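Values below: all heavy atoms of this structure, side chains included; hydrogens, waters and symmetry mates excluded. Given the structure is predicted, the values throughout are model-derived calculations rather than measurements.
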Amino acid sequence: MRRPLFLRIVAALTSNDVYFQQRRDCTGRKGLSPLQKCTGAMRVLAHGTSADAQDEYLRMSETVTRDALTNFVAGVISCFGQEYLRKPNENDLARLLHVGEERGFPGMIGSIDCMHWQWKNCPSAWAGQYAGRSGKPTIILEVVASYDLWIWHAFFGTPGTCNDINVLDRSPLFDDVLSGQAPNVSYTVNGRDYNMAYYLTDGIYPSWAAFVKSITSPQLRKHKLFAKKQEAVRKDAERAFGVLQARFAFLRHPCLVWDKEMMGKVMIACIIIHNMIVEDERHTYLHYYDPSEFQNSSTEDVGHVQFSMDRVADLSRYMTNRAQLRNRETHNALKKDLIKHV
């Protein structure tokens, strides 16, 4: 990350957490500075090194480095989690729908996928429950990512024995849709009107109205073209995984943490910092869309896509919303219309 962004994080943690404030001990000597503690924590996350590796460079012991990391991830979540792990607001939704339409998928707001993180120090009693497809204990992360690799949804903690469908059943991704709190989206594809935004997925996900999958072994030319286009755009989530692990070697290597809750805090904190870097460097991207261009009111028309932020909190519609969400006929009709559209 750039230096101004790192200094912003240091300033926020220093003002909100007394641990990062420089204090004097009983002899009057000054303790470690906020920069030392934050730099030590960031080096552990970015380089994936052990806690005692910071002694020579930062003059920090193993215990102090471990405490700094614990307080650092908790402080990042507390100070920046509400802003950088938010659900899309009206401006974000307008931009996502606009970009989705330009990429050939009207109504698309991102792609969803899962990643396994190996847990090296998993307790032996839990090893069978968390043993993933590799035979080693893992924990699954589910994310929704957009074109600029911003992660809009993160759900971490499912044992590695589960597949993507099991993770989806536990995930709160569609809670707003089921409770009637999600924004209303309406768009037209191939002359047919639809009223539910969707995500691009791989073949394991169910045939719901909120998912658009590729075509297995396409034979016709139009099916091959659609599969090629869908699989190219769907890679946003996998690209986000790759960039996240490239920035934080701590997530790329098997996790040495014993506490599962601490693993979750580290993962969420890394995702928040990743989103902060995306926001800080987004203007340098080849395909840049200025967020200020999408300052919309409650109901707007973005190309051929309309959305409304007026929410109807009617719990009696829960079962109706669930049936609409899992409607296979809508899924098949949308897929056929998108094939013709592409």
Any salt bridge linking [X] with [Y]? Criterion: basic side-chain nitrogen under 4.0 Å from a carboxylate oxygen.
X: D337; Y: K340; result: no
X: K87; Y: D176; result: yes
X: D280; Y: R2; result: yes
X: E238; Y: K235; result: yes

Would you give the length of the straight line joining atom CG of N89 to atom CZ of R95, rounded to the nearest 0.5 angstrom?
-> 8.5 Å
Measuring from R66:CZ to S50:OG, what's the distance to the nearest 0.5 Å?
-> 9.5 Å
Between [X] (side chain) and [Y] (backbone), is there a donor-acceptor pair under 3.5 Å?
X: E83; Y: F80; result: no
X: Y194; Y: V189; result: no
X: K37; Y: Y19; result: yes

Results of side-chain hydrogen bond (donor to acceptor under 3.5 Å, both in side chains) for R8 - residues two or more places apart only | Y84
On the 0 to 90° scale, with breaks at 30° and 60°, tag the W117-F156 ring pair as parallel, tilted or perpendicular.
-> tilted
Is the distance between the ring centroids of W152 and W150 less than 6.0 Å?
-> yes
F174/F211 aromatic ring centres below 6.0 Å | yes
Between N121 and V257, what is the shortest heavy-atom contact and its length?
-> CB-O, 3.9 Å
Going by atom types only, do E102 and H98 share a side-chain donor-acceptor pair under 3.5 Å?
-> yes
Table please: side-chain donor-acceptor pairs of residues 159-173 below 3.5 Å, with sequence neighbours left out.
residue	atom	partner	partner atom	Å
T161	OG1	Q129	O	2.9
N163	OD1	I165	N	3.1
N163	OD1	N166	N	3.0
N166	OD1	N163	N	3.0
S171	OG	E142	OE1	2.6
S171	OG	H153	NE2	3.3
S171	OG	L173	N	3.2

